[in-house]
Amino acid sequence: MDDEKKRKEAAWREELRRDEEEQLGVETEEEAGEPARTRADHEAQCPKLLRSSDILGRVAEALRATATFAGTTLVVQLLVLAFFSRHLARPVSVAVRGESSVGKSYAIERAMEFVSPKGTHVLTSMSQLALAYSDEEFVHRVIILYEADALADKRSASLVRSLLSEGRLVHEYTDFDGGRHSVKIEKEGPTNLITSAAGRIDYELGTRLLSVNVDDGPETTKAILEVLARAAEGEASEPDFSEFHALDRLIASGECRVVIPFARVVAAACDASATRMRRDFQAVLGLVQTHALLHQTQRERDDEGRIVASARDYAAVYGLIADVLACSSGQAIPAQIRETVEAVDHLQHAGLPGEPVKLAEIAAHLGVHRTTVSRRISGAIKLELLQDVETRSGHARLIKLGEPLPEDRGVLPSPADLDLGS
């Protein structure tokens, strides 16, 4: 990092500290005539988290403590890690996938509550060159774009790709009004992106994002309806996120470099046949570093003062993303698609052998809405696991089995299979 970039980062961190103190009603040094908060002050505000050996478990507890959250906490926990990864030199970006109304934006909103507001830049849409012309700074900030559709055009997607991959954005244009001279706009990172999508994402951008699916099953829907009803009856409650915000400020005020002494051991045991792992493995390392960053008071330091990740950090990250990576790399079948193919198999054997199954029958068997099943079937057809034999336009789908369901394979080695120490 050159001197100019170090200066900008130091200025940004000072601005972060001041803005957050203003939001919390804390007088600044100039206002109060006394020193502003120190690292020790931040530590005093999050003692329980600093003593916790499982901060992601505390995230899950906070979510379950409210009457407005239902379903698995894994997606939100992964997003919380991604949010905190903004402190790294190479933060982790995530796309939350799923059909409309399954709770993609809700998961992002809940995860965002665990980090300081200053660390995020929230957008619901943007124009093609909005990031280049924005007055906002993006150093160690998370861009939250609730709908990835805003990146459908090539120019905006290209700007975001540069910001994520190169850690900076450089846009040059000709100022005709100012005498036809060239103007260069530079925005420094590092920056990461959290977004959601029901459909396709720009391919090149998609390779830079971890993709995680929100559960669309009926049991989760039923649980969501239950919490909505409880909230309507006045049972809703909100946890106190102040400790997590204090931890965020504590991390911003200190050493954010993390080394993973066993990184080559993990790399050697990964499935090298999964080409996508060339990019995804960087995200794995980033999440391991972030988990160590969260638990830094319980981690060792090396001779340079860097935080040293432990086997516990890898184990925690493995539990969150092993299945996600296996599916995105094509080495495993997503659970919803596997369930749908198995339903077709059951229905075909229950009826006349070899006869196709109607979409409505599959939906009734699964207890899932027909539009949801239709999307699942489309995904299975792309994987050649199912076939639609109805060729007439305007007629309901008739589904038959395609290729046999393969056995799922992992791309990340299990912690139990590795000798990483304690």
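Along the sequence shown, the residues carry numbers beginning at 1.
Checked by atom type and distance alone, the side chain of R397 pairs as donor or acceptor with a backbone atom of S374 at under 3.5 Å. Panel note: side chain S134, backbone L131; no donor-acceptor pair is recorded below 3.5 Å. A donor-acceptor pair is defined here as one N or O able to donate and one able to accept, closer than 3.5 Å; such a pair exists between the side chain of H245 and the backbone of E113. In this structure, the side chain of S328 engages the main chain of V324 through a donor-acceptor pair within 3.5 Å. Side chain of S414 to backbone of A416: a donor-acceptor contact under 3.5 angstrom is found. Not a single donor-acceptor pair under 3.5 Å links the side chain of S162 to the backbone N or O of L169. Judged by distance alone, the side chain of Q331 and the main-chain N or O of G410 form no donor-acceptor pair under 3.5 Å. Side-chain atoms of Q387 come within 3.5 Å of backbone atoms of L401 as a donor-acceptor pair (strictly under, hydrogens ignored). Put simply, the side chain of Q77 never gets that close to the backbone of A111: no donor and acceptor are under 3.5 Å apart. R155 places no side-chain N or O within 3.5 Å of a backbone atom of L129 that could act as its donor or acceptor partner.
Remark: R338 CZ is packed, more than 12 non-hydrogen atoms of other residues, nucleotides or ligands lying under 6.0 Å away. By the neighbour-count criterion of 12 heavy atoms within 6.0 Å, atom CD of E407 is sparsely surrounded, having that number or fewer from other residues, nucleotides or ligands. Residue-environment remark: CZ (R276) exceeds the threshold of 12 foreign heavy atoms within 6.0 Å. Other residues, nucleotides and ligands contribute over 12 non-hydrogen atoms within 6.0 Å of the CZ atom of R279. Applying the 6.0 Å contact sphere to CG of N213 captures more than 12 heavy atoms from other residues, nucleotides or ligands. By the neighbour-count criterion of 12 heavy atoms within 6.0 Å, atom CD of E300 is sparsely surrounded, having that number or fewer from other residues, nucleotides or ligands.
Using a 4.0 Å cut-off between a side-chain N of Lys or Arg and a carboxylate O of Asp or Glu, R64 and E61 do not qualify as a salt bridge. Ion pair R392/E390 flagged as a salt bridge, since at least one NZ, NE, NH1 or NH2 atom sits closer than 4.0 Å to an Asp/Glu carboxylate oxygen. Between E355 and K400, none of the side-chain N atoms (NZ, or NE/NH1/NH2) sits under 4.0 Å from a carboxylate O, so this pair counts as no salt bridge. At a threshold of 4.0 Å, the pair R208-D280 does not count as salt-bridged, since none of the basic side-chain nitrogens sits closer than that to a carboxylate oxygen. Looking at E361 and K358, no side-chain N of the basic residue comes within less than 4.0 Å of a carboxylate O on the acidic one, giving no salt bridge. Using a cutoff of 4.0 Å between basic side-chain nitrogens and carboxylate oxygens, R312 and D54 are not scored as salt-bridged. Using a cutoff of 4.0 Å between basic side-chain nitrogens and carboxylate oxygens, E188 and R168 are scored as salt-bridged. Using a 4.0 Å cut-off between a side-chain N of Lys or Arg and a carboxylate O of Asp or Glu, R376 and E339 qualify as a salt bridge. Between R257 and E255, at least one side-chain nitrogen of the basic residue sits less than 4.0 Å from a carboxylate oxygen of the acidic one, meeting the salt-bridge criterion.
In terms of heavy-atom proximity, A263 sits nearest to F281 at O-CZ, 4.0 Å. The shortest heavy-atom contact between R90 and S165 is NH1-O, 4.1 Å. Across every non-hydrogen atom of Y146 and T195, the tightest pair is C-OG1, 4.4 Å. In this structure, P190 and A89 approach most closely via the heavy-atom pair CB-O, 3.3 Å. Across every non-hydrogen atom of H295 and S52, the tightest pair is CD2-O, 3.5 Å. Residue P47 comes nearest to E243 through the heavy atom pair N-OE1, 3.4 Å, listed as atom of the first residue, atom of the second, then distance.
The distance from the CG atom of L366 to the CD atom of Q336 is 11.0 Å, given to the nearest 0.5 Å. Here the CG atom belonging to L164 is positioned 11.0 Å from the CG atom belonging to L159, to the nearest 0.5 angstrom. Between atom NE2 of residue H121 and atom CG of residue L193 there is a gap of 11.5 Å, rounded to the nearest 0.5 Å. Here L294 contributes atom CG and D313 contributes atom CG; the two are 9.0 Å apart, rounded to the nearest 0.5 Å. In this structure, CD1 in I377 is found 4.5 Å from CD1 in I399, a value given to the nearest 0.5 Å. The line from CG of L412 to CG of L325 is 5.0 Å long, rounded to the nearest 0.5 Å.
Every residue meeting the ring-ring contact (aromatic ring centres under 6.0 Å, His included) condition with Y133, not counting sequence neighbours, appears here in chain and number order: H171, Y173. Residues that satisfy the ring-ring contact (aromatic ring centres under 6.0 Å, His included) test with H346, not counting sequence neighbours, are H365.
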Practice problem: Would you sort out whether L247 and L50 count as a side chain to side chain contact (heavy atoms under 4.5 Å, CB included), showing the intermediate values? | Solution: CA-CA 8 Å; L247 178 61; L50 294 180; 3.9 Å; yes
Quiz item: Under the salt bridge (charged side-chain N to carboxylate O under 4.0 Å, His left out) criterion, do K187 and E136 qualify, and how do the steps go?
Solution: CA-CA 9 Å; K187 293 284 187 179; E136 296 286 338; over 6 Å; no
Practice problem: Any chance you could lay out the side chain to side chain contact (heavy atoms under 4.5 Å, CB included) test for T191 and V142, step after step, and finish with the verdict? | Solution: CA-CA 6 Å; T191 306; V142 187; over 6 Å; no
Quiz prompt | CA sep, side-chain torsions, deciding dist, call: D408, I333, side chain to side chain contact (heavy atoms under 4.5 Å, CB included) | solution = CA-CA 7 Å; D408 287 341; I333 306 300; 4.1 Å; yes
Practice problem: Might you work through the side chain to side chain contact (heavy atoms under 4.5 Å, CB included) test for V115 and F241, ending with a clear yes or no? | Solution: CA-CA 8 Å; V115 296; F241 298 102; over 6 Å; no
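P334 has its side chain out of reach of R97: every pair of non-hydrogen atoms, C-beta onward, lies at least 4.5 Å apart. Annotation: side chain of V284 is in contact with side chain of I321 (closest heavy-atom distance under 4.5 Å). Using a 4.5 Å cut-off on side-chain heavy atoms (C-beta onward), R299 and H291 make contact. Residues S93 and I194 form no side-chain contact, since every pair of their non-hydrogen atoms from C-beta on lies 4.5 Å or further apart.
Of the candidates T120, T290, N192, D248, D248 is the only one forming a side chain to side chain donor-acceptor pair (under 3.5 Å) with R86.
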